[in-house]
Amino acid sequence: MAGNDWINSYLEAILDVGPNLDDAKSSLLLRERGRFSPTRYFVEEVITGFDETDLHRSWVKAQATRSPQERNTRLENMCWRIWNLARQKKQLESQLAQRKAKRRLERERGRREATADMSEDLSEGEKGDIVSDVSAHGETHKGRLPRINSVDAMETWASQQKGKKLYIVLIRHELNSSGLFPCSLHGLIRGENMELGRDSDTGGQVKYVVELARALGSMPGVYRVDLLTRQVASPDVDWSYGEPTEMLTPRNSEDFMDEMGESSGAYIVRIPFGPKDKYIPKELLWPHIPEFVDGALSHIIQMSHVLGEQIGSGKPVWPVAIHGHYADAGDSAALLSGALNVPMLFTGHSLGRDKLEQLLKQGRLSKDEINNTYKIMRRIEAEELSLDASEIVITSTRQEIDEQWRLYDGFDPVLERKLRARIRRNVSCYGRFMPRMVIIPPGMEFHHIVPQDGDMDGEVEGNEEHPSSPDPPIWSEIMRFFSNPRKPMILALARPDPKKNITTLVKAFGECRPLRELANLTLIMGNRDGIDEMSSTSASVLLSVLKLIDKYDLYGQVAYPKHHKQFEVPDIYRLAAKTKGVFINPAFIEPFGLTLIEAAAHGLPIVATKNGGPVDIHRVLDNGLLVDPHDQQSIAGALLKLVADKHLWARCRQNGLKNIHLFSWPEHCKTYLSRIASCKTRHPQWQRSDDGGESSETDSPSDSLRDIHDISLNLKFSMDGDRSGASGNDNSLDSEGNDRNSKLENAVLSWSKGVLKDQRKAGSGDRIDHGSSTGKFPALRRRKHIFVIAVDSDSNEDLLDAIRKVFEAVEKERIEGSIGFILSTYMTISEIQSFLVSGGLNANDFDAFICNSGSDLFYSTINPEDGPFVIDFYYHSHIEYRWGGEGLRKTLVRWAGSVTDKMEGNEEHIVTVAEHLSTNYCYTFEVKNAGRVSFLSLRMNSTLHF
Ligand SMILES: O=c1ccn([C@@H]2O[C@H](COP(=O)(O)OP(=O)(O)O[C@H]3O[C@H](CO)[C@@H](O)[C@H](O)[C@H]3O)[C@@H](O)[C@H]2O)c(=O)[nH]1
Ligand SMILES: O=P(O)(O)OC[C@H]1O[C@](O)(CO)[C@@H](O)[C@@H]1O
């Protein structure tokens, strides 16, 4: 370790903390004294860490500086004393080393003589064994990082597969496709120089999806990976986010580029949706999702044809899976997977229910406020939908399954196991479905980590024969904040998000005197030009931090630089490791925690929250301490312990380095691909009959999706009674605290699933005829907007009244035909017909009828010879998908039989099956005395529909 500025910084730190070097008992055996003293820590650093000449140079320099007098005199004396101590220590060490060397030589000589005596008795093989034994445990392996092995492993795996072209093709065929489509919506995603921590949208997920896409693109057997995101061409953001396509260059590009096909590899594909030239944060993306789905669908279809020309002998090559990352992309992927009939995968990254619980626990915001800020109810709905539509959910940790997904209606770990067992035994699950949860921790890209000499033996820097390269500029950016810049650095690196709990860390540091004396605190909290330009939540975190720094007078002890680039992040970790510092993640809850594996890979021990993924990471790496993030004392205590106890520090550093290879992208990809391969093969089988009955694949289902999009927007309009609802600004809560927009969108979604899922079912080879393609009911296509009227009421008069009012409100558009209507009701189609006649309405006043409480879908026809209505049979195939209705029917009949009224010894059945009103997908029961079954929420007079 060279550099007098380091020694001087420690000496300054000693002066700041207080002298005590003249203490008669002071010795080099600092740790044995029990009580920890920062002064001793620094003295030990200087004596053991630096070369005698460096110390002498420091002393000469201090001696030459005369002002201010008193300080320099002390510094001079101290330098001399330490130099002298170090010199004596070195003399002692050298005498000891000489004695040891002499003893070793003597032992060696003795052994050689003994071996020579025995050598004639040994066979050649035995001699060889001795040699290899020695080398296997000898010094040649020392100091090598296991992580190098993981890179090696990747290369070995890749080269094994690359050599086997046919094998690659075989894997591709096993997967039945060569394309993967991860989606991550908000758009601030790019392959190089990611703006991580730019705002609350640009966190770990961005890095995760880009690195995963790149790694998958390099896997043998995967021809193409398209990471779909939003195209943002706005003056607020860099131009690169407006580029329609960006190739993700493989990290080991020389090996792969020459083997790649014309369109193969990993790409970011940017789909324009939402307001044209404006960036919108992820919380406000919800109303624009259907537009993304349309764009994504066109891209996928087009790409499938392109790939078909290149590698599919002219037949489209469909994606092997659609993978949604985060709730918004989960929502989109559910629609895409339904439309395309391909399996869906989902990764949550950070889950809404958990976030809601944490925020409520903190007590700063009410549920309404949380919903307004984070649109949390819509997000939770999207996560529930993702559970429903995904075949596989990828999690980073076991904790994510047991503690976080468990909070969802769509998942229960125990029930999931039971369902899986039933499927294995081929027993009905009564329509219940839960996705398979698969734990695959994320990986790391290791190419930018420069192994340091001595990485494995606790030393951090090079030696004199290999002087270190010039300090990276970010070091001085950080160190300029500190009075003693080389003190051990406690490093936190996180988006300025309240859940990252940086303020508790600052309090813990500010209130713990020994910690402040011993260490500096570095807070990397994203990038900012000015606090006023940050989002209100990020700005409030930053202001709280600044106020605390002021409150505890931490000037000179805390760094909070305004900017850093992605390529500088490794240097930041390196600086912290070099000062023998510690990384801390005190988040209230951390779903996984990429920063923890990054820190470990740079040889930095960790202190981390005991809530969430860090528990699993710690179990694997064993490289630090876990703390309760609400407990300030425990945070300060753990930090002090790790910084002060050098043995513990070195052990944690080594443990982290030793096991970090377990977080490897190639390993992740291998498991991931094997899981995808286990999904049942599905791909689109769209057919249309307007070609004279010949079935053929159409080129797009996006017309249906366009319809759904319009319906979705207009449903909001019609129900909110406020046109601004269509822009998604109205997220008010209903009386049960549900997000109204999300409820409405889901009402639409359940309808739209009818359209989408019958396409999914068509995978079985059924012929699809949505009618719109047959020309029977072209109306839906012509409409700009569609209103769904779902106002079941006690009397037909009330319903008629509501319908008339809606018609009147948009009379002009109704007559023009730009607005269409769908009636959604509990009635059967014949009841609807009588209702229309009695009210003087015409079947053609509506484009479609959702009847029998959602179990039948009829369209009104144009040609009188077709009759007034035509049924959509494919809607039934949608219901059939995971239906399990027979089991439900039997259970309901049993239950109905048990609901009796006991009157004077007689038992009367109150609930009876209404056979005449029931259909295959709608079970109807009549209730004799509704008041007696008050535990049920009764709708539709005295009739229960299921
Ligand atoms: O100022 C900053 C702040 C963060 N980062 C980087 O951004 C990433 C942050 O990732 P992480 O610590 O995992 O947190 P989140 O941003 O909250 O990421 C979410 O998504 C990750 C991937 O699934 C999970 O590991 C997290 O638990 C989850 O909260 C890391 O690579 C950091 O190096 C920066 O470069 N600069
Ligand atoms: O704090 P939240 O709302 O849970 O979101 C965190 C997620 O948002 C992002 O910052 C961007 O999508 C991710 O990196 C992270 O997964």
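All figures in this text were calculated on a predicted structure; none of them were measured in a lab. All ligand and atom numbering here is 1-based and tracks the order in the structure. Residues take their numbers from the sequence shown, with the count starting at 1.
- The shortest contact between atom 4 (O) of ligand 2 and any protein heavy atom is with S350 OG, 2.4 Å.
- Counting only heavy atoms of the protein, atom 33 (O) of ligand 1 lies nearest to E598 OE1, 2.7 Å.
- For atom 18 (O) of ligand 1, the closest non-hydrogen atom on the protein side is G204 N, 3.2 Å.
- Note: Y208 and H349 have perpendicular aromatic rings, judged against thresholds of 30 and 60 degrees for the angle between ring planes.
- Of all protein heavy atoms, the one closest to atom 2 (P) of ligand 2 is K355 NZ, 3.2 Å.
- For Q632 (side chain) and T504 (main-chain N/O), no donor-acceptor pair under 3.5 Å exists by modelled atom type.
- Distance alone, capped at 3.5 Å, is enough to place a donor-acceptor pair between the N655 side chain and the D622 backbone.
- Nearest to atom 11 (C) of ligand 2 among the protein's heavy atoms is D201 O, 2.6 Å.
- Closest to atom 4 (C) of ligand 1 among all protein heavy atoms lies L493 CD2, 3.4 Å.
- At least one heavy atom of H564 sits closer than 4.0 Å to an atom of ligand 1.
- For ligand 2, the atoms closer than 4.0 angstrom to any heavy atom of G203 are 10 (O), 14 (O).
- The I524 neighbourhood of ligand 1 comprises atoms 1 (O), with distances under 4.0 Å to a heavy atom of that residue.
- Closest to atom 20 (O) of ligand 1 among all protein heavy atoms lies Q205 N, 3.6 Å.
- In this structure a side-chain-to-backbone donor-acceptor pair under 3.5 Å is present from R270 to I189.
- Those atoms of ligand 1 with a heavy atom of K207 less than 4.0 angstrom away are 31 (O).
- For a threshold of 3.5 Å applied to N or O pairs, the pair formed by E283 and ligand 2 contains no separation below that value.
- Ligand 2 does not have H325 within reach: every non-hydrogen atom of the residue lies 4.0 Å or more from it.
- Per-residue contacts place D497 under 4.0 angstrom from the following atoms of ligand 2 (heavy atoms of the residue considered): 1 (O).
- Among all heavy-atom pairs drawn from P281 and D201, the shortest one is CA-OD2, 3.3 Å.
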Derivation of the side chain to side chain donor-acceptor pair (under 3.5 Å) call for D368 and S366: CA-CA 5 Å; D368 284 8; S366 69; 5.4 Å; no
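- Atoms of ligand 1 found under 4.0 Å from any heavy atom of T595, numbered from 1 in the order shown, are 12 (O), 30 (C), 32 (C).
- Distances from ligand 1 to the non-hydrogen atoms of Q566 include no value under 4.0 Å.
- For atom 12 (O) of ligand 2, the closest non-hydrogen atom of the protein is Q205 OE1, 2.8 Å.
- Which parts of ligand 2 touch R379 is read off a 4.0 Å heavy-atom cut-off, strictly below it: atoms 2 (P), 3 (O), 4 (O).
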Go through the steps for K565 and N193 under the test side-chain contact (heavy atoms from CB on, under 4.5 Å), then give the verdict. CA-CA 7 Å; K565 297 246 163 26; N193 194 14; 3.9 Å; yes
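- Looking at R495 and S200, their side chains never bring a donor and an acceptor atom within 3.5 Å of each other.
- Under 4.0 angstrom from ligand 2, there are no non-hydrogen atoms of L351.
- With hydrogens and angles ignored, the 3.5 Å screen pairs a side-chain donor or acceptor of H661 with a backbone N or O of K658.
- Atom 6 (C) of ligand 2 has as its closest protein heavy atom R495 NH2, 3.5 Å.
- Close approach of ligand 1 to G203 (heavy-atom distance below 4.0 Å) involves ligand atoms 16 (O).
- In this structure, H299 has its ring center no closer than 6.0 Å to that of F292.
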Q566 and E195: side chain to side chain donor-acceptor pair (under 3.5 Å), yes or no, with the steps? CA-CA 7 Å; Q566 196 203 352; E195 294 185 284; over 6 Å; no
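- Here the heavy atom of the protein found nearest to atom 7 (C) of ligand 2 is Y326 CE1, 3.7 Å.
- Among protein heavy atoms, atom 14 (O) of ligand 1 sits closest to K500 NZ, 3.2 Å.
- The protein non-hydrogen atom at the shortest distance from atom 1 (O) of ligand 1 is G526 N, 2.7 Å.
- Considering backbone and side-chain atoms alike, F592 places an N or O below 3.5 Å from some N or O of ligand 1.
- Checked against a 3.5 angstrom limit, the closest N/O atoms of G204 and ligand 2 fall inside it.
- A donor atom on one side chain and an acceptor atom on the other are found under 3.5 Å apart for H563 and D529.
- Ligand 1 is approached by A494 to a heavy-atom distance shorter than 4.0 Å.
- Atom 23 (O) of ligand 1 has as its closest protein heavy atom H349 ND1, 2.6 Å.
- Between the D616 side chain and the T397 main chain, no donor and acceptor come within less than 3.5 Å of each other.
- Each of E192, E598, E445 was scored for a salt bridge (charged side-chain N to carboxylate O under 4.0 Å, His left out) with K207, with one residue passing: E598.
- Distances below 4.0 Å separate heavy atoms of R495 from the following atoms of ligand 1: 3 (C), 15 (P), 16 (O), 17 (O).
- Taking the ring axis of Y374 as reference, the NZ or CZ atom of R379 does not stay both within 45° of it and closer than 6.0 Å to the ring centre.
- At the top of the distance list for atom 10 (O) of ligand 2, counting protein heavy atoms only, stands S200 O, 2.9 Å.
- Contact atoms of ligand 1 toward Y208: 22 (C), 23 (O) (distance under 4.0 Å to a heavy atom of the residue).
- Relative orientation of the W665 and H668 rings is perpendicular, given thresholds of 30° and 60° on the angle between their planes.
- An N or O contact shorter than 3.5 Å is missing between M525 and ligand 1 by distance.
- Among all non-hydrogen protein atoms, the one lying nearest atom 11 (P) of ligand 1 is L594 N, 3.8 Å.
- Polar contact with ligand 2: absent for H349 (N/O pair, distance under 3.5 Å).
- Between the side chain of D331 and the backbone N or O of A334, no donor-acceptor pair lies under 3.5 Å.
- Neither the backbone nor the side chain of K500 comes within contact range of ligand 2; no heavy atom lies under 4.0 Å.
- Without hydrogens or angle criteria, R353 side chain to L356 main chain gives no donor-acceptor distance under 3.5 Å.
- Remark: D402 does not engage R406 in a salt bridge, criterion side-chain N to carboxylate O under 4.0 Å.
- Under 4.0 Å is where a charged nitrogen must lie from a carboxylate oxygen, and between D497 and K500 no such pair does.
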